[in-house]
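Only one structure is covered here, and it is reproduced in the block below.
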Amino acid sequence: MIRVQGTPFDPGAEIKSFLGRNPNSGGIATFIGQVRDFQPVQNSSSSEVTSLELEHYPGMTEKELERIVEDSFTRWPLDDALVIHLYGQLKPGDSIVLVCTAATHRGDAFASCEFIMDWLKTKAPFWKREQTQAGTTWVDARANDTERADRWAKD
Amino acid sequence: MIRVQGTPFDPGAEIKSFLGRNPNSGGIATFIGQVRDFQPVQNSSSSEVTSLELEHYPGMTEKELERIVEDSFTRWPLDDALVIHLYGQLKPGDSIVLVCTAATHRGDAFASCEFIMDWLKTKAPFWKREQTQAGTTWVDARANDTERADRWAKD
Amino acid sequence: MAVKVLYFSWIKEKVGAGEELLSPPDSVETVSDFVDWLRTQSPAHDSAFENLKQIRAAVDQVHVPLESRIGLAKEIAFFPPVTGG
Amino acid sequence: MAVKVLYFSWIKEKVGAGEELLSPPDSVETVSDFVDWLRTQSPAHDSAFENLKQIRAAVDQVHVPLESRIGLAKEIAFFPPVTGG
């Protein structure tokens with residue numbers, strides 16, 4: 001299931017209901033991405049981030065996330081998967097993204113959860129803009145994210 | 001932090017408070033292991049599991065989990081880690097284990113969470129006994145778990 | 001034939017609009033042709049697309065390389081590399 | 001010197017006890033020696049330890065190989081490969 005929304009969500013409550021929907025899955029892996037109040041990326045301002053804006057491409061975002069999740073189901077024997085992604089104005093500590101995957105064995109749950117995150121980072125049409133004391137800056141893509149996503153390329 | 005307990009826990013609530021304690025961690029990976037009501041392991045009965053008993057080694061369990069978590073901190077730059085493991089009588093759908101790791105970057109969170117689970121599976125002194133219609137059986141260790149744990153061996 | 005063109009992130013800021021309805025000439029066959037033609041439309045467009053390495057495109061909401069043919073596309077989007085999650 | 005010996009899982013069931021206080025002779029230097037000596041204590045002990053491939057050991061709550069020396073250990077535990085998580 002895919003949800004792209006402008007209002008905050010509670011990752012704990014979402015994970016709880018995901019577990020409730022999948023009582024027979026032996027392993028559930030989840031990932032939560034949060035807004036940090038500092039920015040260790042090289043090309044970014046070192047000023048404290050006071051807020052973060054996430055622009056997205058309505059319509060394509062949902063389709064792209066669906067494609068990524070469908071791809072994960074063709075690669076691993078999954079029972080279920082959930083992706084929730086925020087857009088709009090966020091504050092430090094807010095959860096930006098939640099990915100949950102459920103499988104019989106933990107290896108499949110871990111791999112598919114990391115795969116979804118890696119592909120989401122390089123394919124889902126979101127763009128971050130940080131607000132610091134010094135002004136607003138669009139965050140540059142990280143080469144490392146492309147490398148991580150490329151690990152999953154099929155030969 | 002390590003908790004080994006005989007009473008059920010709510011993974012959603014635990015993850016929520018873990019997030020609350022680590023608002024500056026960009027990436028949080030978690031894993032939840034649940035009791036399945038079937039048992040796909042080869043050497044096990046195919047009867048439905050009606051309950052599961054987890055025996056453990058009080059004292060050593062806590063120490064071993066602490067050692068595993070400390071080891072994960074030497075391998076990855078982590079902000080925090082949490083392991084909760086149940087023992088005693090469990091029912092299908094109950095959460096047996098929860099692992100949460102928090103880091104600046106998601107790769108470190110994913111790797112350390114999977115590492116803790118892999119080592120826990122081969123080092124933490126727990127033994128499962130399944131109750132089915134046909135009686136009780138001690139669950140055999142899986143060769144696959146040893147292989148997964150061996151992936152993390154340092155050269 | 002009119003096509004909806006969308007811009008995101010700093011490309012939108014440089015162009016000065018998020019969306020345009022444009023009718024490129026028949027000689028525009030690929031996304032790359034489309035970019036070349038866009039750059040002739042105004043100094044703002046020219047500036048937004050001056051560094052092609054920073055431009056990504058989607059045709060009808062699917063990622064495509066710049067060499068792709070546009071075909072009967074109804075919607076073309078231009079944006080920098082994504083930074084979600 | 002007396003040492004606390006713990007058994008878990010089906011080893012406990014086969015031995016018929018979870019814990020014993022035992023004083024092995026001085027000739028018992030390694031965990032493996034200890035197992036050999038244990039097997040002479042009763043048919044139940046003998047049966048519990050007949051397949052060494054299924055036996056794991058901890059000395060003072062630390063995993064050790066069977067070749068390890070016991071030294072001044074206060075607690076020795078025997079159990080099959082673990083199956084937690």
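So you know, we letter chains A, B, ... as the sequences are listed, proteins then strands, and number each from 1. Just so we're clear, the structure is a prediction, and the values are computed from it rather than from any experiment.
In this structure, A/Arg151 is not positioned above the aromatic face of A/Trp119 in the sense of NZ or CZ being under 6.0 Å from the six-membered ring centre and within 45° of the axis.
The part of C/Glu75 that comes within reach of chain A is its side chain, from C-beta onward, which places non-hydrogen atoms under 4.5 angstrom from that chain. Using a 4.5 Å cut-off between heavy atoms, A/Lys63 contacts chain C through its side chain alone, with no backbone atom that close.
Aromatic pair A/Tyr57/A/Phe126: ring centres not closer than 6.0 Å.
At distances below 3.5 Å, not a single donor-acceptor pair connects side-chain atoms of A/Trp127 with backbone N or O atoms of A/Leu54.
When A/Glu55, A/Arg129, A/Met117 are compared by the number of non-hydrogen pairs under 4.5 Å with chain C, A/Glu55 comes out ahead.
None of C/Asp60, C/Val64, C/Val31 except one satisfies the side chain to side chain contact (heavy atoms under 4.5 Å, CB included) rule with C/Ile70; the exception is C/Val31.
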